[in-house]
Amino acid sequence: MNITYRSTRSDSSESVTASYAILKGLADDGGLFVPVEFPVLDTPIEELAQMSYQEVAFTVLRLFLSDFSDEEIRDCVNKAYDEKFDTDVIAPISYADGAYYLELYHGRTIAFKDMALSILPHFMRYAAKKNNISNEIVILTATSGDTGKAALAGFADVPGTRIVVFYPKDGVSPVQERQMVTQKGSNTFVVGIRGNFDDAQTAVKRMFSDQALGEKLDRNGFMFSSANSINIGRLLPQVVYYVYAYAALYKNGRIKAGEPINVTVPTGNFGNILAAYFAKKIGTPIDKLICASNKNKVLTDFFHTGNYDRNRDFYVTSSPSMDILVSSNLERLIYLIDGRDPKKTAQLMAQLGKEGSYDITDDMRGQLSDFYADFATEEETQSAIRELYRKTGYVIDTHTAVASSVYGKYVKASGDTKPTVIASTASPYKFARSVVGAIKGDVSGYSEIELIDMLTELSGVAQPPAIIELKTAPIVHKTVCDIDKMNDEVLGFLGIRE
C-alpha cells in the first residue's frame with residue numbers, strides 16, 4: 001500500500017510523500033500532516049513476538065514510509081536504536097501493582113522523546129536527498145522540557161543541519177534545564193524565554209507560517225523544519241513502541257493472541273497518546289486509551305465536554321512536560337473524527353487561535369469512545385509515587401505517576417481490569433527532588449546532587465550516564481529573551497543580518 005500524507009487544513013486533493021512531510025514538519029497552511037489512509041499491520045503476533053525492538057521498528061515504519069527503501073529504513077533504525085540506549089531491549093517492561101510500565105527512558109537523555117528523536121535526524125538526511133534540498137535545514141523547536149534535550153542530542157553536529165530550541169526559563173526542572181544548557185555542538189542554540197511553553201510553541205508556529213521570514217531564510221541558504229511532535233517523522237516512531245509492547249506481553253505469556261489491552265499515557269501535547277491511537281488504527285488490539293493530565297487539565301475537560309478551552313489559569317507543576325494548554329497534536333484527532341474535513345478543521349483551529357476555544361459536534365464526540373480522560377492533582381501525583389514505592393519498591397517519575405493515578409481512577413470508575421500498559425515517560429532521576437520528596441517528605445534542605453544520590457539508595461538503580469555527566473558538564477548556552485525577540489535570536493544565530 002502506497003501511503004501518502006495530507007495537511008489537516010488543506011482542501012486540495014493533492015497529497016505528499018512521507019519524506020516531504022517529514023522535511024516540511026508543518027504544512028504551508030499551518031496544518032499537520034496525516035496519512036491519507038492507515039496501513040494494515042498484517043504481520044502475525046507470533047512473528048512480532050520473536051522480533052527485536054529494531055525489527056519491530058522496521059516492520060511498522062515501512063508501512064508508513066512508502067517512498068523510503070527497505071535499506072534506507074533499516075539504516076535509520078540501526079543507527080537510532082544502538083548503544084545509545086542502556087538496555088539491549090530498548091524499551092523494557094516492568095510489572096508493578098497490577099500494571100505494566102513500558103520504560104521509554106533508557107536513551108541518551110533519559111526521556112521518552114529519545115525513542116523518536118534518535119531516528120528523526122536520519123529520516124531528515126534521506127528526506128533531504130529525496131527532495132533535492134540543498135539548503136541547510138534549521139530545526140526549530142519549542143520544548144516543555146524533554147523534547148529539547150532529545151532533539152539537541154539527536155541533531156548535534158549532524159552535517160547540513162542546525163537546531164534552535166526555546167524553553168520556558170522557569171518552567172522546566174533543574175535537571176531538564178541543565179541538560180539543555182550544557183549541550184555541545186557547533187550547530188546547537190538554546191534559548192530560555194520569559195513565558196510558558198504555550199508562548200514558545202505559539203511563537204515557533206508563527207515563525208513557520210511567516211512567509212517573509214521563510215523567503216529571507218531561503219535567500220540565505222536555510223529552511224525551517226521541526227522536531228516537535230507536530231512533525232509526522234516524530235510521531236510515527238512512537239507508534240512502534242506500542243506495537244512492541246503488545247508483542248512483548250504476548251511473548252511473555254501475559255496475554256493471548258488478539259486479547260485487547262488498555263494503554264495509559266501521561267500527555268500534554270497529545271502526541272504520545274495519539275501514537276497509541278495510530279497503533280490501534282493499524283490493527284494493534286488496544287481497547288481503551290486512557291488520557292492522563294496533570295492540573296493543567298484542558299484535555300480532560302475536552303473529552304468530558306467536547307469543549308476545548310485554553311482560556312484558564314496556567315499551573316507550573318511537578319510534571320512540567322505536561323504543563324501545556326494548547327495540545328497541538330489534538331488537531332490530528334479532530335481532523336480524523338470530523339470526516340477528514342480540512343475546512344472544518346481549519347475553522348476550529350482558527351477559532352482556537354482567535355478566541356482560545358472551540359466546540360466539537362455531538363457526532364464528533366461520539367467518535368471519542370476509544371478514550372477515557374482524567375487528571376491527577378499534585379497531591380495525587382505524590383501519593384502515586386509514594387504508594388507504588390511502598391508496595392513494590394518500584395520508583396516512577398512524576399509524569400508516570402500522573403498516569404498511574406489516573407489509571408487507578410479508571411479502574412475504580414469502570415471495573416475494567418484488562419492488562420494495561422502505562423507509558424513510563426521519564427527516568428525518576430530527571431525529577432529527583434519531586435520523587436524523593438514524595439517518598440521521604442520534606443527535602444528542601446538538599447541540593448540536586450544530594451537528592452540524586454538519595455534516589456540511588458532508594459531505588460537500587462544505578463545513576464544513568466546522562467545524570468553522571470551533568471554533574472561536571474559546563475554551561476554552554478546562556479541566552480534568555482522575551483517572546484517578541486525570538487525571531488531576532490534565530491536570525492542572529494544563523495548570521496542573517498538583512
Side-chain angles (χ1 to χ4, degrees), residues 7-10 21-33 135-145 147-148 151 162-169 171 189-220 222-234 268-271 298 308-311 314 323-332 334-335 342 345-358 479-494 496 498:
S7 168
T8 52
R9 303 185 194 182
S10 174
I22 289 170
L23 204 57
K24 287 289 290 183
L26 193 69
D28 289 335
D29 56 20
L32 310 186
F33 289 107
N135 281 352
E136 192 166 354
I137 298 169
V138 180
I139 303 298
L140 187 63
T141 293
T143 184
S144 56
T147 288
R162 298 198 196 187
I163 178 166
V164 182
V165 170
F166 292 100
Y167 74 96
K169 182 68 180 74
F189 186 44
V190 179
V191 183
I193 66 150
R194 299 182 182 96
N196 60 40
F197 169 74
D198 289 327
D199 296 325
Q201 181 168 251
T202 299
V204 164
K205 283 185 175 180
R206 194 178 298 123
M207 279 189 258
F208 271 104
S209 58
D210 186 333
Q211 186 175 351
L213 179 59
E215 291 172 354
K216 181 180 291 188
L217 288 171
D218 185 58
R219 287 196 301 272
N220 287 273
F222 298 103
M223 65 171 285
F224 279 147
S225 190
S226 171
N228 280 89
S229 56
I230 57 175
N231 191 318
I232 195 71
R234 258 285 307 276
N269 213 15
F270 203 71
V298 63
Y308 193 96
D309 187 358
R310 64 175 172 80
N311 299 313
F314 176 87
D323 291 346
I324 295 170
L325 296 181
V326 180
S327 305
S328 291
N329 265 289
L330 188 62
E331 178 173 343
R332 285 187 166 110
I334 294 298
Y335 175 77
T345 305
Q347 179 184 356
L348 292 176
M349 295 307 113
Q351 191 175 334
L352 178 65
K354 185 177 181 180
E355 302 173 15
S357 69
Y358 61 82
T479 303
V480 179
C481 77
D482 292 324
I483 298 159
D484 61 358
K485 298 298 182 183
M486 290 170 61
N487 281 40
D488 295 340
E489 293 294 347
V490 172
L491 294 174
F493 172 61
L494 298 178
I496 298 175
E498 61 172 288

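What you see below is based on every heavy atom in this structure, not just the backbone, and it leaves out hydrogens, waters and symmetry mates. These numbers were taken from a predicted model, which means no experiment stands behind them.
The line from CG of D218 to CG of N135 is 5.0 Å long, rounded to the nearest 0.5 Å. Note that CD of E489 is 10.0 Å distant from CG of D482, once rounded to the nearest 0.5 Å. Separating the CG atom in L213 from the CG atom in L491 is a distance of 6.0 Å, to the nearest 0.5 Å. Note that the CG atom of D198 and the OG atom of S144 stand 9.0 Å from one another [nearest 0.5 Å]. Rounding to the nearest 0.5 Å places CD of E331 at 6.5 Å from OG1 of T345. The distance from atom CG of D323 to atom CG of N196, rounded to the nearest 0.5 Å, is 9.0 Å.
Using a 4.5 Å cut-off on side-chain heavy atoms (C-beta onward), E136 and L494 make no contact. The shortest side-chain heavy-atom distance between T147 and N269 does not fall under the 4.5 Å cut-off.
For CD of Q211, the number of neighbouring non-hydrogen atoms (other residues, nucleotides, ligands) closer than 6.0 Å is 12 at most.
Of the possible polar contacts, one joining the T8 side chain to the L32 backbone as a donor-acceptor pair under 3.5 Å is found. Judged by distance alone, with hydrogens and angles left aside, the side-chain atoms of Y308 form a donor-acceptor pair with the main-chain N or O of S327 at under 3.5 Å. Not one N or O on the side chain of R9 forms a donor-acceptor pair closer than 3.5 Å with the backbone of D28. For N231 (side chain) and I22 (main-chain N/O), a donor-acceptor pair under 3.5 Å exists by modelled atom type. Looking only at distances, a side-chain donor or acceptor of N228 sits under 3.5 Å from a matching main-chain atom of A142. For the pair D29 (side chain) and G31 (backbone), a donor-acceptor distance under 3.5 Å is present. S225 places a side-chain N or O within 3.5 Å of a backbone atom of L23 that can act as its donor or acceptor partner. Distance alone, capped at 3.5 Å, is enough to place a donor-acceptor pair between the N311 side chain and the E355 backbone. N329 places a side-chain N or O within donor-acceptor distance of the main-chain N or O of S229, the cut-off being under 3.5 Å.
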Side chain to side chain contact (heavy atoms under 4.5 Å, CB included) assessment of V191 paired with C481 = CA-CA 7 Å; V191 183; C481 77; 3.7 Å; yes
inquiry  = As a quick check of understanding, evaluate side chain to side chain contact (heavy atoms under 4.5 Å, CB included) for R332 and I232, giving each step before the final call.
reply    = CA-CA 10 Å; R332 285 187 166 110; I232 195 71; 4.0 Å; yes
message = Would V204 and M486 count as a side chain to side chain contact (heavy atoms under 4.5 Å, CB included) here? Give the steps.
response = CA-CA 8 Å; V204 164; M486 290 170 61; 4.1 Å; yes
request  = Show your reasoning for whether side chain to side chain contact (heavy atoms under 4.5 Å, CB included) applies to V490 and F189.
outcome  = CA-CA 9 Å; V490 172; F189 186 44; over 6 Å; no
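A cation-pi arrangement, defined by a distance under 6.0 Å to the six-membered ring centre and an angle within 45 degrees of its axis, is absent between R162 and F222.
Residues A200 and I193 come closest through the heavy atom pair CB-CD1, 3.5 Å. Closest non-hydrogen pair, Y335 versus P342, comes out as CE1-N, 4.0 Å. Closest heavy-atom contact between P168 and T143: CD-O, 3.1 Å. Taking both residues in full, the closest heavy atoms of L352 and Y358 are given as CB-CD2, 3.8 Å, listed atom of the first, atom of the second, then distance. The two residues V326 and I324 come nearest to each other via the heavy atoms O-CG2, 3.3 Å. The shortest heavy-atom contact between I483 and A203 is CG2-CB, 4.2 Å.
With no hydrogens or angles considered, a side-chain donor-acceptor pair links S328 and Q201 at under 3.5 Å.
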